[in-house]
*Asks:* 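Below are the structure tokens for one structure; questions will follow.
Computed from a predicted structure; not experimentally measured. Numbered from 1 within each chain, the chains take letters A, B, ... in sequence-line order.
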Amino acid sequence: MDERIEEESTEKVPLNFLERIIEDDLANGRVPDNTIVTRFPPEPNGYLHIGHIKSICLNFGLAQKYQGRCHLRFDDTNPEKEDMEYINSIKSDIRWLGFDWGKYEYHASDYYQQLYEIAVRLIQEGKAYVDSLSAEQLKEYRGTLTEPGKNSPDRDRSIEENLRLFEEMHQGKHPEGSYILRAKIDMASPNLNLRDPALYRIKFASHPRTGDTWCIYPMYDFTHPISDAIENITHSICTLEFEDHRPAYDWATDIDGIEHAPHQYEFARLNINYLVMSKRRLLNLVKLGIVDGWDDPRMPTISGIRRRGYSPESMKDFISRIGVAKVESVVDYSLMEFCVREDLNKRATRLMVVLDPLKLVIDNYPDDKVEYFEATDNPEDPSSKTHQIPFTKELYIEREDFMEDPPKKYHRLYPGNEVRLKYAYYITATSVVKDADGNVVEVHCTYDPESRGGAAPDGRKVKGTSHWVSATEGVTIEARLYDKLFQTEYPGKATGNYLDDLNPDSLKIVTDAKAEPEILNAKVGDYLQFVRNGYFCVDGKVSTKEKLIFNRTATLKDSWAKLKEKMGV
RNA sequence: UGGGAUGUAGUGUAAUGGUAACACAGUAGAUUCUGGUUCUGCCUUUAGGGGUUCGAAUCCCUUCAUCCCAGCCA
């Protein structure tokens with residue numbers, strides 16, 4: 001026991017740069033009460049996507065790891081874009097991932113009064129002023145990346161005048177766009193965020209939470225750092241594009257009365273190839289009707305992947321595997337697929353479902369006989385339960401599992417070849433029935449009664465095993481076969497328009513798949529594997545008892561498909 | 001032509017002055033009542049150039065490349 005502990009403590013667990021910072025701060029007594037406090041600060045103006053999962057796992061994960069806490073704070077400072085609908089979806093998405101913010105739920109709008117008072121104080125201290133420049137003039141005065149800006153004529157307005165005007169803005173006496181409150185920092189700063197950034201703007205918009213109480217709303221650069229300070233956030237983690245805002249963050253938290261100013265740290269946001277992640281582009285897909293909605297199983301939104309059948313565990317594993325750093329990076333989609341397959345392989349219930357049915361008739365099997373075979377729910381689980389599958393003379397097999405004229409290395413069913421029907425019998429194909437166009441519509445075979453259970457007493461082996469469903473005892477279901485929404489690694493890279501790279505085959509609907517009766521027990525949230533076809537789940541939105549609809553979460557790896565391609569078949 | 005940041009296998013992440021590694025992808029094989037799983041092998045790496053040092057991915061100088069910033073968005 002002691003040895004083990006020693007072993008563990010000497011074992012070097014690689015830390016990411018954020019963990020290093022936190023451990024260093026903790027070790028050097030820089031953290032009040034030795035309690036780190038992080039926050040996840042979504043703006044409620046859209047649905048959470050996979051990129052947010054990284055931020056959620058980071059903020060909640062770090063808090064968990066160091067026995068601190070993580071606040072959920074809605075960054076609701078722009079009433080024109082935000083909505084209660086989003087607030088609710090965000091909460092349910094975070095819960096789905098398995099994180100709990102407990103009582104620490106906040107809204108930046110809770111701080112509007114405090115923010116207002118701080119703004120007044122800044123004016124009194126000569127650190128902020130009311131500017132009447134128009135948006136266009138503001139732009140002119142700001143300068144460019146290479147040229148410094150110039151001071152607004154209003155910059156030297158008296159404190160009394162500023163106070164009066166700001167109060168009038170507050171009271172709604174001035175129209176939108178007529179005035180803004182600006183920080184007085186440095187119009188010549190090489191960092192544009194420091195060229196007297198806007199602190200407050202006038203908006204006669206109703207806020208989802210504060211209603212019409214306010215007609216002036218604080219800006220991000222002012223609200224965010226102060227909200228962090230109010231909540232005693234110790235480590236404020238955000239994405240790389242805010243790096244340039246850090247001086248503004250420090251400016252805002254450098255006000256009297258803040259004992260332990262929070263600090264901002266930036267990490268690289270998550271990018272995944274074959275996916276688009278920006279809210280704008282996702283919204284567009286929804287608006288144009290290219291997808292079924294924000295929760296379309298092809299969408300990289302949390303609600304989308306959830307409906308697709310991804311498990312929260314697999315996504316958390318994915319996030320832990322990609323790591324955290326400051327380098328802009330693009331993660332392979334295949335890693336995410338690997339993670340979901342690995343997780344689902346361990347937990348999915350196996351079912352036999354034929355997606356593209358081909359009739360198979362066993363000529364030497366009794367006409368009306370029904371016998372049952374026992375199938376393991378999950379062979380990966382030693383304590384797995386079993387269920388019964390009915391077997392009859394007429395069955396369906398996968399059309400792909402029979403070829404009249406097979407290529408080399410094809411070891412499924414073809415005339416004269418013997419294969420196994422999983423759990424049941426060895427069969428040998430004898431003849432085919434074709435339609436007028438020459439398509440095979442029925443395969444006839446004979447079975448070996450001695451091979452009952454799927455093995456021959458004489459020890460002879462077969463190379464192929466097919467799944468099957470009884471033609472008379474099976475049930476019909478709908479299967480929705482999803483693939484990547486985009487067919488290029490970087491959608492839009494070639495033409496500039498990401499819609500040019502949509503995958504025309506991102507959804508194939510199979511309305512007459514045949515399934516073993518056990519499928520009737522499948523519930524929303526169950527993880528299933530249709531043997532040899534992939535991982536599936538019950539569609540939580542449209543599936544009904546009368547019409548069962550399943551979504552394909554991911555295919556199984558298919559080395560035969562690769563081989564076929566290589567052989568040029 | 002301003003400022004900020006970043007460069008390690010195809011991709012992502014370790015190694016924090018002491019033998020460049022792990023995972024995914026790729027590839028070859030073994031096992032298998034899922035052409036799945038599992039197992040084994042292989043492939044490929046410090047952006048370039050200089051310097052410090054017994055020793056550099058790591059420190060210094062320099063060049064190059066990429067990303068972000070000119071909302072009254074966050």
*Asks:* With a 4.0 Å cut-off on heavy atoms, is A:E328 in touch with a base, just the backbone sugar-phosphate, or nothing at all?
*Replies:*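 The answer is sugar-phosphate, as A:E328 gets under 4.0 Å only of primed atoms, P, OP1 or OP2.
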
*Asks:* Expressed in whole Å, how much space separates the C1' atoms belonging to B:U62 and B:C24?
*Replies:* 36 Å

*Asks:* What I want to find out is whether A:E243 reaches A:K326 closely enough, with some N-O distance under 4.0 Å, to be called a salt bridge.
*Replies:*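 Result for this pair is yes, salt bridge flagged.
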
*Asks:* Not counting sequence neighbours, which residues clear ring-ring contact (aromatic ring centres under 6.0 Å, His included) with A:F338? List them please.
*Replies:*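 Residues passing ring-ring contact (aromatic ring centres under 6.0 Å, His included) with A:F338: none at all.
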
*Asks:* Can you tell whether the side chains of A:D131 and A:R157 come within less than 4.0 Å, N to carboxylate O?
*Replies:* no

*Asks:* By the 4.0 Å heavy-atom rule, please label A:R341 as base, sugar-phosphate, or nothing.
*Replies:* nothing

*Asks:* Whole Å only: how far is the CD atom of A:E398 from the P atom of B:G35?
*Replies:* 12 Å

*Asks:* Name the nucleic acid region contacted by A:D244, choosing base, sugar-phosphate or nothing; use a 4.0 angstrom heavy-atom cut-off, strictly under.
*Replies:*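 Contact class for A:D244: base.
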
*Asks:* Atom CG of A:L240 and atom C1' of B:G7: how far apart are they, to the nearest Å?
*Replies:*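 So the two atoms are 13 Å apart, to the nearest Å.
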
*Asks:* Please confirm whether the shortest side-chain N or O distance from A:K566 to OP1 or OP2 of B:A28 is below 4.0 Å.
*Replies:* yes

*Asks:* Taking only the side-chain nitrogens and oxygens of A:R142, find out if one of them lies under 4.0 Å from OP1 or OP2 of B:C72.
*Replies:* yes

*Asks:* Starting the side chain at C-beta, find the nucleotide from B:C24, B:C72, B:C73 nearest to A:S334.
*Replies:*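 The closest nucleotide is B:C24.
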
*Asks:* Which value, in whole Å, describes the distance between the C1' atoms of nucleotides B:G49 and B:A15?
*Replies:*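 One C1' to the other, the span is 25 Å.
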
*Asks:* Base, sugar-phosphate or nothing for A:Y410? Non-hydrogen atoms, less than 4.0 Å.
*Replies:* base

*Asks:* With sugar-phosphate meaning primed atoms plus P, OP1 and OP2, does A:P148 contact a base, only sugar-phosphate, or nothing at under 4.0 Å between heavy atoms?
*Replies:*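 Result for A:P148 = nothing.
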
*Asks:* B:U34 phosphate, OP1 or OP2: any side-chain N/O from A:R412 under 4.0 angstrom?
*Replies:*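 For B:U34, neither OP1 nor OP2 has a side-chain N or O of A:R412 closer than 4.0 Å.
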
*Asks:* Please state whether the phosphate of B:C73, meaning OP1 or OP2, lies under 4.0 angstrom from any side-chain nitrogen or oxygen of A:T77.
*Replies:* no

*Asks:* Partners of A:Y333 by ring-ring contact (aromatic ring centres under 6.0 Å, His included), sequence neighbours excluded?
*Replies:*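 With sequence neighbours excluded, A:Y333 shows a ring-ring contact (aromatic ring centres under 6.0 Å, His included) to no residue whatsoever.
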
*Asks:* Using Watson-Crick or G-U wobble geometry with both distances under 3.5 Å, which nucleotide pairs with B:G2?
*Replies:* B:C69

*Asks:* What is the separation between atom NZ on A:K408 and atom C1' on B:G35, rounded to the nearest whole Å?
*Replies:* 19 Å

*Asks:* Taking NZ, NE, NH1 and NH2 as the nitrogens, is one of them in A:E418 or A:R460 under 4.0 Å from a carboxylate oxygen of the other?
*Replies:*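 Salt bridge between A:E418 and A:R460, a charged N being under 4.0 Å from a carboxylate O: yes.
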
*Asks:* Which base, if any, makes a Watson-Crick or G-U wobble pair with B:U46, both distances under 3.5 Å?
*Replies:* none

*Asks:* At 4.0 Å (heavy atoms only), tell me whether A:S189 reaches a base, stays on the sugar-phosphate, or touches nothing.
*Replies:* nothing

*Asks:* Can you check the distance between B:U37 and B:U32, where both ends of the measurement are the P atom (answer in whole Å)?
*Replies:* 16 Å

*Asks:* Within the pair A:S559 and B:G36, is there a side-chain N or O less than 4.0 Å away from OP1 or OP2?
*Replies:*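 Indeed, a polar side-chain atom of A:S559 lies that close.
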
*Asks:* Go through the N and O atoms of the side chain of A:R321 and the base of B:U13, and report whether any donor-acceptor pair is under 3.5 Å.
*Replies:*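 Result: no qualifying N/O pair found.
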
*Asks:* Can a side chain N or O of A:K562 be found less than 4.0 Å away from OP1 or OP2 on B:G26?
*Replies:* yes

*Asks:* Taking 4.0 Å as the cut-off, does a side-chain nitrogen or oxygen of A:R280 come that near to OP1 or OP2 on B:C73?
*Replies:*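 No.
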
*Asks:* Touch check for A:D558, heavy atoms < 4.0 angstrom, all strands: base, sugar-phosphate only, or nothing?
*Replies:* sugar-phosphate

*Asks:* For B:G7, measure the glycosidic angle (O4'-C1'-N9-C4 for a purine, O4'-C1'-N1-C2 for a pyrimidine) and name it syn if it falls within 90° of 0, otherwise anti.
*Replies:* anti

*Asks:* How far, in whole Å, is B:A47 from B:U66 if one measures between their C1' atoms?
*Replies:*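 About 11 Å, rounded to a whole number of Å.
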
*Asks:* Is the shortest side-chain N to carboxylate O distance from A:E241 to A:R269 below 4.0 Å?
*Replies:* yes

*Asks:* What integer number of Å spans the C1' atoms of B:A70 and B:U1?
*Replies:* 15 Å

*Asks:* Between A:D332 and A:L563, which residue's closest nucleotide on RNA chain B lies nearer the 5′ terminus?
*Replies:* A:D332

*Asks:* What's A:I202 touching, base or sugar-phosphate or nothing? Going by heavy atoms closer than 4.0 Å.
*Replies:* nothing

*Asks:* Scan residues 381-389 of chain A against RNA chain B and write down, sorted by residue number, each residue with any heavy atom closer than 4.0 Å; if none is found, say none.
*Replies:* none

*Asks:* What is the base-pairing partner of B:C24, counting Watson-Crick and G-U wobble geometry with both distances under 3.5 Å?
*Replies:*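 Across all strands, the one nucleotide that pairs with B:C24 is B:G10.
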
*Asks:* Categorize A:V462 for me: base, sugar-phosphate, or nothing, with a 4.0 angstrom heavy-atom threshold over every strand shown.
*Replies:*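 No contact.
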
*Asks:* Mind checking the C1' distance from B:A57 to B:G48? Whole angstroms is fine.
*Replies:* 14 Å

*Asks:* Which part of the nucleic acid does A:H245 contact within heavy-atom distance under 4.0 Å: base, sugar-phosphate only, or nothing?
*Replies:* base

*Asks:* For B:C73, take OP1 and OP2 only and decide whether either is under 4.0 Å from a side-chain N or O of A:K203.
*Replies:* yes

*Asks:* Should A:K203 and A:E80 count as an ion pair when the cut-off is N to O under 4.0 Å?
*Replies:* yes

*Asks:* Checking base pairs now: Watson-Crick or wobble, both atom distances under 3.5 Å. What partners B:A74?
*Replies:*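 Result: none.
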
*Asks:* Given B:A74, B:G12, B:G36, identify the nucleotide with an atom nearest to the side chain of A:Y220.
*Replies:*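 Selected nucleotide: B:A74.
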
*Asks:* Scan A:F242 against the nucleic acid and name what it touches under 4.0 Å (heavy atoms): base, sugar-phosphate only, or nothing.
*Replies:*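 Base, at least one base atom sits under 4.0 Å.
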
*Asks:* Quick one: do A:R73 and A:E43 make a salt bridge, cutoff under 4.0 Å?
*Replies:*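 Here A:R73 does not pair with A:E43 in a salt bridge, since their nearest N and O are not under 4.0 Å apart.
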
*Asks:* Assess whether a salt bridge exists between A:R412 and A:D401, defined as any Lys/Arg side-chain N lying under 4.0 Å from an Asp/Glu carboxylate O.
*Replies:*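 Salt bridge: yes.
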
*Asks:* Please figure out whether A:F338 or A:N191 has its closest RNA chain B nucleotide nearer the 5' end.
*Replies:* A:N191

*Asks:* Select one nucleotide: of B:G2, B:G4, B:U34, the one nearest the side-chain heavy atoms of A:P379.
*Replies:* B:U34

*Asks:* Return the pairing partner of B:A56 with a 3.5 Å limit on both distances, Watson-Crick or G-U wobble; otherwise return none.
*Replies:* none

*Asks:* Do A:D377 and A:R350 sit within salt-bridge range, that is, some charged N less than 4.0 Å from a carboxylate O?
*Replies:* no

*Asks:* What is the pairing partner of B:U19, taking Watson-Crick or G-U wobble pairs with both distances under 3.5 Å in any strand?
*Replies:*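 Across all strands, not a single nucleotide pairs with B:U19.
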
*Asks:* Taking NZ, NE, NH1 and NH2 as the nitrogens, is one of them in A:R347 or A:D343 under 4.0 Å from a carboxylate oxygen of the other?
*Replies:* yes

*Asks:* Pick base, sugar-phosphate or nothing for A:K461, based on heavy-atom distances below 4.0 Å to the nucleic acid.
*Replies:*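 Nothing, no heavy atom under 4.0 Å.
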
*Asks:* Over all strands shown, is A:L145 touching base, sugar-phosphate only, or nothing at heavy-atom distances under 4.0 angstrom?
*Replies:* base

*Asks:* Does B:C39 pair with anything, Watson-Crick or G-U wobble, both distances under 3.5 Å, and if so, with which nucleotide?
*Replies:*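 B:C39 is paired, partner B:G29.
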
*Asks:* Salt bridge check: are A:E342 and A:R321 linked by an N-O gap of less than 4.0 Å?
*Replies:*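 Result for this pair is yes, salt bridge flagged.
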
*Asks:* Specify the separation, in whole Å, of atom CD of A:Q137 and atom C1' of B:A70.
*Replies:* 16 Å

*Asks:* Is there a donor N/O on one and an acceptor N/O on the other, under 3.5 Å, for the side chain of A:R532 and the base of B:G35?
*Replies:* no

*Asks:* Tell me whether the side-chain N or O atoms of A:E241 pair up with the base of B:G4 as donor and acceptor below 3.5 Å, since no angle test is needed here.
*Replies:*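 Absent.
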
*Asks:* Look at all strands and tell whether A:K557 reaches a base, only sugar-phosphate, or nothing, counting heavy atoms closer than 4.0 Å.
*Replies:*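 Sugar-phosphate, backbone atoms only, no base.
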
*Asks:* Which nucleotide wins on minimum distance to the side chain of A:I322, given the candidates B:A70, B:C73, B:G12?
*Replies:* B:G12

*Asks:* Quick test of the criterion, 5.5 Å between centres and less than 30° between planes. Is A:H411 stacked on B:G35 or not?
*Replies:*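 A stacking contact exists, since A:H411 sits close and nearly parallel to the base ring of B:G35.
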
